[in-house]
Amino acid sequence: MAIITEIRLDWSEMDLFGHINNVMYAKYVQSARVRLTEHIGLMKMLKDINVGFMLASSALQYKKPLFYPGNITIETSVDFIKTTSFGLQHHILDASGVLCCIANDVLVLYDFTAGVKVPIPESILNPITAIKAS
């Protein structure tokens with residue numbers, strides 16, 4: 001099950017060449033990443049016990065340009081799960097459903113009070129597993 005994020009492209013996101021600037025893709029992926037962490041309860045965990053995530057890596061592979069005006073859909077799924085980290089894959093699709101970008105993130109669970117990475121607790125592991133791509 002993928003988590004879906006819909007975003008309206010804004011005129012201010014265009015660059016000199018008339019397409020959406022590559023930096024904006026990272027911003028879109030950030031929105032999808034935060035949406036997923038809210039969905040699995042990680043943002044609540046951060047508020048409750050100061051355990052959240054740190055972004056260990058992020059990579060974008062551009063396939064086709066995006067243009068204003070328009071809308072995009074980001075389909076986010078869990079790529080892998082390890083003891084203290086998990087990977088996300090984001091597919092950015094234009095309004096026609098054409099794949100324009102594939103992004104991959106690695107998130108590490110982190111105890112911000114102790115300053116150390118921590119194992120993924122079962123309360124978060126179960127919803128992460130439900131989003132894992134098959």
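Within the structure, ring pair (Phe, Tyr, Trp, His ring centres under 6.0 Å) pairs that include any residue of residues 72-126 comprise Tyr110-Phe112 (at least two apart or interchain). Identified under the salt bridge (Lys or Arg N to Asp or Glu O under 4.0 Å) test for residues 10-20, with sequence neighbours left out: Arg8-Asp10. Sorted by first and then second residue, the salt bridge (Lys or Arg N to Asp or Glu O under 4.0 Å) pairs with a member in residues 38-50 read Lys44-Asp48; sequence neighbours excluded.
Of all non-hydrogen atoms in Ile40 and Ile124, the two that sit nearest each other are O-CD1, 3.3 Å. Here the shortest heavy-atom pairing between Lys117 and Val108 reads CB-CG1, 3.7 Å. Residues Ile81 and Thr129 come closest through the heavy atom pair CD1-OG1, 3.7 Å. Taking each heavy atom of Val23 and Asn21 in turn, the nearest pair found is N-OD1, 2.8 Å.
Val106 and Ile102 are not part of a single hydrophobic cluster, where members link through side-chain heavy atoms under 4.5 Å apart. Cluster annotation: Val78 and Val29 are assigned to distinct hydrophobic clusters (Ile/Leu/Val/Met/Phe/Trp/Tyr, side-chain heavy-atom contacts under 4.5 Å, transitive). Hydrophobic clustering of Ile, Leu, Val, Met, Phe, Trp and Tyr side chains at less than 4.5 Å, counting indirect connections, unites Ile120 with Leu36. Linking ILVMFWY residues whenever their side-chain heavy atoms come closer than 4.5 Å, directly or via other members, leaves Leu93 and Ile7 in distinct clusters. Placement of Leu46 and Val51 in two distinct hydrophobic clusters is found when ILVMFWY residues are connected by side-chain heavy-atom separations under 4.5 Å, directly or transitively.
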Table please: side-chain donor-acceptor pairs of residues 54-74 below 3.5 Å, with sequence neighbours left out.
{"residue": "Ser58", "atom": "OG", "partner": "Asp105", "partner atom": "OD1", "Å": "2.7"}
{"residue": "Tyr62", "atom": "OH", "partner": "Asn22", "partner atom": "O", "Å": "3.3"}

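Residues meeting the side chain to side chain contact (heavy atoms under 4.5 Å, CB included) test with Thr83, sequence neighbours left out: Pro119. Listed by chain and number, the residues in a side-chain hydrogen bond (donor to acceptor under 3.5 Å, both in side chains) with Ser96 amount to none (sequence neighbours excluded).
For the atom pair CD1 (Ile20) and OG (Ser12), the distance works out to 8.0 Å, reported to the nearest 0.5 Å. With values rounded to the nearest 0.5 angstrom, Gln89 atom CD is found 11.0 Å from Lys132 atom NZ. One distance of note links CE of Met24 with NE2 of His19; it measures 13.5 Å at 0.5 Å rounding. How far CD of Gln30 is from CZ of Arg35: 15.0 Å, rounded to the nearest 0.5 Å. The CG atom of Asp111 lies 7.5 Å from the CD1 atom of Ile49; values are rounded to the nearest 0.5 Å.
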Next item on the list: Kindly indicate, with the supporting measurements, whether the criterion side chain to side chain contact (heavy atoms under 4.5 Å, CB included) is fulfilled by Leu88 and Arg33.
Entry: CA-CA 8 Å; Leu88 302 179; Arg33 182 171 52 244; 4.0 Å; yes
Checklist line | Stepwise side chain to side chain contact (heavy atoms under 4.5 Å, CB included) check, Leu109 with Leu42 | finding: CA-CA 9 Å; Leu109 247 62; Leu42 195 49; 3.9 Å; yes
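Counting only heavy atoms from C-beta outward, the side chains of Leu107 and Thr37 approach each other to under 4.5 Å.
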